[in-house]
2 protein chains.
Amino acid sequence: MALKYSRQREVIKDFLCTRKDHPTADVVYMNVRQQYPNISLGTVYRNLTLLSDMGEIMRLRVGDGVDHFDADTSPHNHFVCSECGSVIDLKMENIDYIQEAAGKDFSGRIDGYTAYFYGLCGSCCGKLQS
Amino acid sequence: MALKYSRQREVIKDFLCTRKDHPTADVVYMNVRQQYPNISLGTVYRNLTLLSDMGEIMRLRVGDGVDHFDADTSPHNHFVCSECGSVIDLKMENIDYIQEAAGKDFSGRIDGYTAYFYGLCGSCCGKLQS
DNA sequence: ATTGGAAATAGTAATGATTACTAGTTTTAC
DNA sequence: GTAAAACTAGTAATCATTACTATTTCCAAT
């Protein structure tokens, strides 16, 4: 009996599945509280960690000091806007080749990688052309 | 007169140049205090930020919750050991092509990327084979 | 060389994301 | 039904980093 059902965890997972913008724990908390008014922030954090440990969701450390979460666990890369901070999915060819490249002259074992691209998102790009 | 000389900044930069292990602000603080006993942690943080803003050093956000700093500003990639947490330089071919790949089907502007590889370093790899 | 003011410093307090703790509640295997 | 294990809400603690403040240092112009 490793894992027990919890309504809170279900609601958190369900909410995350409706979003494609990689919300932070705090954003998840704010939203989930609409349907589940007295859920605790600690519960949100614990379940997000649990779900990502189980591989049901992904934790994104994009380098802005706050963890983001993604219900889409299929392999894909992310873009982070330097202006507005939004985290966006990238549609691009597979680049797993870089993992091979990294392992060529390395004495340890490489299990994976994370790649984040940054710059200006489409919306911020337009705004700054005035 | 934008930037003024400071002995503290010089000592911090000099120390960082002697290290290839990408120390954290706290490690820099501990070590610099040997030659400069009453330097403040805030001064270390402020100068590390200043130096990286000027492009003299690099700030590495490897996703372990602590910033690491690197005096080597030439383009290269990093490996993070999942076991011991050490951050190691990788000797590998240039992979800037992934930035082109990311920009192909993207409406914004891509200015750069960060790629971190993870797994077991050579030393931890050996220890876990018992 | 003196000096005025901008930039830097030490020391400390504040911030903010995340984790830990605790007493009580829910789930579930028997 | 029941008991143990897992979970929860609420709160306190942690820890990296930033902000604040009174004082000191650097340096360009006199």
Side-chain angles (χ1 to χ4, degrees), chain A residues 1-16 21-54 56-70 80 85-87 116, chain B residues 1-16 21-54 56-70 80 85-87 116:
Chain A
M1 181 169 51
L3 196 66
K4 211 150 39 170
Y5 171 82
S6 115
R7 176 107 181 77
Q8 286 89 334
R9 181 157 55 242
E10 189 179 50
V11 173
I12 289 167
K13 173 85 187 288
D14 285 351
F15 167 72
L16 203 58
D21 62 344
H22 319 88
T24 62
D26 203 61
V27 171
V28 172
Y29 174 57
M30 297 297 200
N31 282 273
V32 162
R33 224 171 15 164
Q34 315 263 316
Q35 332 162 25
Y36 213 114
N38 65 335
I39 196 171
S40 165
L41 180 58
T43 298
V44 171
Y45 269 104
R46 188 167 20 74
N47 280 297
L48 286 172
T49 299
L50 238 156
L51 288 165
S52 75
D53 285 351
M54 290 190 301
E56 289 196 30
I57 66 173
M58 287 185 69
R59 165 182 252 129
L60 309 178
R61 313 243 218 212
V62 301
D64 62 353
V66 200
D67 288 359
H68 294 252
F69 295 90
D70 190 350
V80 183
S86 65
V87 180
Y116 293 107
Chain B
M1 182 168 53
L3 195 66
K4 211 154 36 175
Y5 171 82
S6 117
R7 175 106 181 76
Q8 287 88 334
R9 181 158 55 243
E10 189 179 50
V11 173
I12 289 167
K13 173 84 189 288
D14 286 350
F15 167 72
L16 202 59
D21 62 344
H22 318 88
T24 61
D26 203 59
V27 171
V28 173
Y29 174 58
M30 298 296 200
N31 281 272
V32 163
R33 224 171 15 163
Q34 314 263 317
Q35 332 161 28
Y36 213 114
N38 65 336
I39 196 171
S40 165
L41 180 57
T43 298
V44 171
Y45 269 104
R46 187 168 21 73
N47 279 298
L48 286 172
T49 300
L50 237 157
L51 288 165
S52 76
D53 285 351
M54 290 189 300
E56 289 196 30
I57 66 173
M58 287 185 69
R59 164 181 252 130
L60 308 178
R61 313 244 218 212
V62 301
D64 62 353
V66 200
D67 288 359
H68 295 252
F69 295 90
D70 191 350
V80 183
S86 65
V87 180
Y116 293 108

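Because only heavy atoms are used, hydrogens play no part in the values below, and waters and symmetry mates are left out as well, while side chains stay in. Chain naming here is simple, since letters A, B, ... match the order of the sequence lines and numbering starts at 1 in each.
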Is any side-chain nitrogen or oxygen of [X] closer than 4.0 Å to OP1 or OP2 of [N]?
| X | N | answer |
| --- | --- | --- |
| R7(B) | dT25(D) | no |
| N47(A) | dT8(D) | yes |
| Q8(A) | dA9(D) | yes |
| T43(B) | dA10(C) | yes |
| S6(B) | dT9(C) | yes |

### Query
Between dT17(D), dC26(D), dT18(C), which nucleotide gets closest to the side-chain atoms of D67(A)?
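The answer is dT18(C), which lies nearest to the side chain.
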### Query
The side chain of Y5(A) lies closest to which of these nucleotides: dT27(C), dT17(D), dT18(D)?
dT27(C)
How many whole angstroms separate atom [atom1] of [X] from atom [atom2] of [N]?
| X | N | atom1 | atom2 | result |
| --- | --- | --- | --- | --- |
| R46(B) | dA10(C) | CZ | C1' | 9 Å |
| L48(B) | dA8(C) | CG | C1' | 15 Å |
| N38(B) | dT12(C) | CG | P | 12 Å |
| Y45(A) | dG16(C) | OH | P | 13 Å |
| E10(B) | dT9(C) | CD | P | 12 Å |
| L3(A) | dA29(C) | CG | C1' | 15 Å |
| Y36(A) | dC7(D) | OH | C1' | 10 Å |
| L50(A) | dA20(C) | CG | P | 13 Å |

### Message
When you measure from the centre of the six-membered ring of Y5(B), is the NZ or CZ of R9(B) closer than 6.0 Å and no more than 45° off the axis?
### Response
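No, R9(B) does not sit over the ring of Y5(B).
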### Task
Only counting residues at least two apart or in another chain, list the ones meeting side-chain contact (heavy atoms from CB on, under 4.5 Å) with Y45(A).
A25(A), L41(A)
### Check: K4(A) side chain, dA5(D) base, donor-acceptor under 3.5 Å
yes
### Query
Do the charged groups of E10(B) and R7(B) touch, with an N to O distance under 4.0 Å?
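Salt bridge present between E10(B) and R7(B).
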### Query
Under the 3.5 angstrom rule, does the side chain of H68(A) hit a backbone N or O of H22(A) as a donor-acceptor pair?
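At least one qualifying donor-acceptor pair exists.
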### Query
Among D70(B), N47(B), I12(B), L48(B), whose side chain to side chain contact (heavy atoms under 4.5 Å, CB included) with I57(B) holds?
L48(B)
